[in-house]
Amino acid sequence: MITIPYLTALTTYFSYGLLFAFGQLRDFFRKIVDWWSHNSLQGYAPICLGLEDFYIRRLYLRIQDCFNRPISSPPDAWFDVVERISNDNNKTLKRTTRVNRCLNLGSYNYLGFGAADEYCTPRVIESLKKFSPSTCSARVDGGTTTLHTELEECVANFVGKPAAVVFGMGYATNSAILPVLTGKGGLIISDSLNHNSIVNGARGSGATIRVFQHNTPSHLEKVLREQIADGQPRTHRPWKKIIVVVEGIYSMEGELCKLPEIISICKKYKAYVYLDEAHSIGAVGKTGRGVCELLGVDTADVDIMMGTFTKSFGSCGGYIAGSKELIQYLKYTCPAHLYATSISPPAAQQIISSIKVILGEDGSSRGAQKLAKIRENSNFFRSELQKMGFEVLGDNDSPVMPIMLYNPAKIPAFSRECLKRNVAVVTVAFPATPLLLARARICISAAHTREDLIKALEVMSIVGDMVGVKYFPAEPKKQQLEGVKLD
Amino acid sequence: MNQLNVYDCLSFVNLHLPHANSDLAIAPLYHWYASESSYQRNLIFHGENFRILLRTCSHFNQSVHFYPIVGFCNLSWAFAVYADKLCLPILLMDTLMPAYHNMVKSASDWVTLAFDAPFARAVVFGVPIGGHLFVEGLLFVVILFLLSQKSYKPPKRPLTKKEIDELCDEWVPEPLIPSITEEMKYEPPDLESAAGPHTIINGKEVINFTSANYLAFLGHEKLLDSCTKALEKYGVGSCGPRGFYGTIDVHLDCEARIAKFLGTSDSILYSYGLSTMFSTIPAFCKKGDIVVVDEGVHWGIQNGLHLSRSTIVYFKHNDMESLQSILEKFTQDNKRAKKLRRYIVVEAVYQNSGQIAPLDEIIRLKEKHRFRVILDESNSFGVLGSSGRGLTEYCGVPVEKVDIITAAMGHALATKGGFCTGSARVIDHQRLSSSGYVFSASLPPYLASLSDLQGLEIVSDIQSPIVFLKLKNSTGSIKGDLQVLEDIADRSYCSAICSKDNRKVEWFGVHCGQWRFYLKS
């Protein structure tokens, strides 16, 4: 739970208020200047009205250099960040040819498949030569190759369901599947911190949407009871079906979902469960099978399991796994299957190869090593950060660790100071998080070695002291250093 | 008699209105008193007195406490003073005056009595209180009582726990999916090699008419080389969204190259063709905006429009008169043009029908009625126009006139993903507010390595790359048509048919009751 200190809340509000006031002042002057100068729009409404992009112009552009940093190497444990310079106070940024070799704490590279891999890459290149980079057509129109059928079987086996269907993009999977599953007259109950793709899919479906408090099964039960008793809005007819949408690991909190309780509640009230395992598939669980394995939930209890291949498998695309009838129905009706280009064959081959590595079917034990490494790394890093006094969110075993920053000025300070010391971190602010709760998010990878992590900890400790984000008292340091050196 | 009245009132005023500026009150009275009581003078005095009366009233009104009392006092005073000054001749009044005077005197006596009622001059804790407090207090109590009364509503009886339990037990949801019919079990054929012009299915070599491989880039040597190099350097995935270290230099190079090729100022890459449209449209069309769309646009655009919650109006497929009449209707009806944004959304070559949109007509209409144009060039980019720059070149329209151009790269360019180009303002806005760009992982770098490709020059003299064949005599239902077409396709699977271009047609794709196949150079 996030407990923001009172003084910090006050200072954060004050900072935002000051930024807002200055922004309004500058907008006022801009209006005067625009009134003088020639306006070329003449009859057209402006494409962005006054306050819609106020946040972008006045707050985001000041710290624009902390986001969208280009890289010129694969997103491995160490990568090259391209330097950018600005001549007009951060309004536009130009690339230079200089690069910095930095430690990567931002990419979703949980199992280390982000760069060229000794088992996967030769097979990927082979499939590229055989099937070419794209099929140029939708799945039903001749975009299904033998690779696609093999991939779907492989994914279904890995996840633990009878059948699966694969799409070219994870975001489009959510946006295109939810409209097919329910329509008007259905109810979608989703967690309050669900990802934007789920929100988009739910809106596009036309069903009624209700939200329950983040990860609180008791509130979910209350909402379910109320909604079943009330029925559809205005007509009070009974709902056609109810789908509860939760995520495996929430990407901004690093928390695991309380899956066993939620499933028992949904069974009791006959609602369907849709589990989005974008971050957890391949990264948690003893054999990497996701949050169901970690929490001991039978996969037959979850009606629809969805996931993406971008994070742990180093590829692109998304999948839906379920019963055979469900997958047949989806293949017949889902627009992403009928109209959109199928997943690229080299990417499909990458997924197949990486699943084989994880399961150990390639003949080596690299998969098991990677899984053990990422668990060890995440637990070590989290405990060290907490000992230093940072406010770290998330559960144990989860590779995503947000560190709370709160103040808007600390966001660019943290990011730039870390970059100066060759550590690349990701900072997130409004609107991806609530206004007061800005944070820096660390993603650990199996490719990080112990030395990398220790270096990162040193840098973050120095920067944390400089910026002032150690909100909790630190534990005594002496024994911790000795313990680390012994390792 | 008049004097008596005046003095009565004066004393009354002095006594009961301690804060009153009695000078103001006395002044006109002296004036009156000093003058002779002739009708004439009284009349003149009336006018003046009335003004002073008003001014004193307003002076008294400043202390709200006395407001009702002041009104009453002034009225009584005015009544007392003017009662005998009503527009009646004095001689006549002489008889009626005493009666009037008596009435007024008794009324003022009564009023004085009322105000001399309890608490008249009570001194409570050193504060002198007048009698008006009593009335005010009473009024206040009555008002409070009325406010505290609830308006009558029928009593609400919320459901008890037991009732909710029963309802939950009784409720039966629909099954998650409807039951599977035979046609749902159809599986498309598996390709065993690249989806190029010739492909292998079930060990047999067939000619491929279903892939949108307009420029025959699949299997092209240079394309494969650049992709291989990119794979070896960058691996497959980009492992992050564009905002968080997912921007690789090949993305930026690709964007710059596309913008340069088309002649616009900037472009933005999306990682999926379908998501390009359903992310771009909600970024610009908000609630309340007006969007005029062709009827035959594909699912991506329809979904984007549905997500944008704007007012959507459809015009007949590729029919310019229908478009014109709708535009005219909107410009006449809606005069609040300043804040409302208006868009026309068309496709260059329609996915569902293969027709080409007449862009010069649309641009002419757009400029006349001040709409913005969003053009989807998925099937025409790289195909139409003498150098492949799309519909703008084909129709001879300068590319600045089209506000937003989007395209999916999965067709002519033989990769995956999509892009959007336009003015710098349009593109910059999308970098933060387009959901499919911000919240999704970026395009894999090997698919963005177009920048190594030497030529995007195309020589194509086929008008539209999508050809639709329809049944001449429809069986009357879409299902029946589909069945007939599938039978033909299955039978011709085993035999060869020569078409007029001297190509053997062996494999068709059946789509929505029509045949759709793509011609390639």
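Atoms considered below: every heavy atom in the structure, side chains included; atoms not considered: hydrogens, waters and symmetry mates. Everything quoted here is computed from the prediction, not taken from an experiment. Below, chain A is the first sequence line, B the second, and so on; all start at residue 1.
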Between F79(A) and Y245(B), ring centroids under 6.0 Å:
yes
Here the pair of heavy atoms bringing S175(A) nearest to F278(B) is CB-CZ, 3.9 Å
By a 4.5 Å heavy-atom criterion (distance strictly below it), what part of Y272(A) contacts chain B: side chain, backbone, both, or neither?
side chain
Within residues 232-239 of chain B, which residues come under 4.5 Å of chain A, heavy atom to heavy atom?
E232(B), K233(B), Y234(B), G235(B), V236(B), G237(B), S238(B), C239(B)
Is L307(B) in contact with chain A via its backbone, its side chain, both, or neither, using a 4.5 Å heavy-atom distance?
side chain
Closest-packed option against chain A by number of heavy-atom pairs under 4.5 Å, given T228(B), L224(B), I180(B)
I180(B)
May I ask you to decide if the ring planes of F244(B) and F67(A) are parallel, tilted or perpendicular, using 30° and 60° as cut-offs?
tilted
Short question: side chain of K240(A), backbone of E174(B) - any donor-acceptor pair under 3.5 Å?
no
Considering non-hydrogen atoms only, spot the tightest contact between P133(A) and L447(B) and give its length.
O-CD2, 3.9 Å
Residues forming a side chain to side chain donor-acceptor pair (under 3.5 Å) with S342(A), sequence neighbours excluded
T135(A)
Pair D249(B) + R95(A), salt bridge at N-O below 4.0 Å
no
Of the backbone (N, CA, C, O) and the side chain (C-beta and beyond), which part of H148(A) lies under 4.5 Å from a heavy atom of chain B, both, or neither?
neither
Restricting to non-hydrogen atoms, name the atom on I125(A) and the atom on L231(B) that form the minimum distance, rounded to 0.1 Å.
CG1-CD1, 4.2 Å
What closest approach, in Å, do P346(A) and Y446(B) show between heavy atoms, and which atom pair accounts for it?
CB-OH, 3.6 Å
Who are the side chain to side chain contact (heavy atoms under 4.5 Å, CB included) partners of H306(B), not counting sequence neighbours?
none
Modelled atom types, side-chain donor and acceptor of Y171(A) and S279(B), under 3.5 Å:
no
Which pair of non-hydrogen atoms, one from S271(B) and one from M169(A), has the smallest distance, and what is that distance?
OG-CE, 3.5 Å
So, T149(A) versus D190(B): side-chain donor-acceptor pair below 3.5 Å or not?
yes
Heavy-atom pair with the smallest gap, counting every atom of K270(A) and E170(B):
NZ-C, 4.5 Å
Can you tell me how far the CD1 atom of I200(B) sits from the OG1 atom of T145(A), to the nearest 0.5 Å?
12.5 Å
Sort V180(A) into side chain, backbone, both or neither according to what part of it lies under 4.5 angstrom from a heavy atom of chain B.
neither
Test your reading of the model: is there a side-chain donor-acceptor pair from W171(B) to the backbone of A229(A), 3.5 Å cut-off?
no
Hits for side chain to side chain donor-acceptor pair (under 3.5 Å) against E255(B), two or more places apart or cross-chain, chain-then-number order -> R242(B), R431(B)
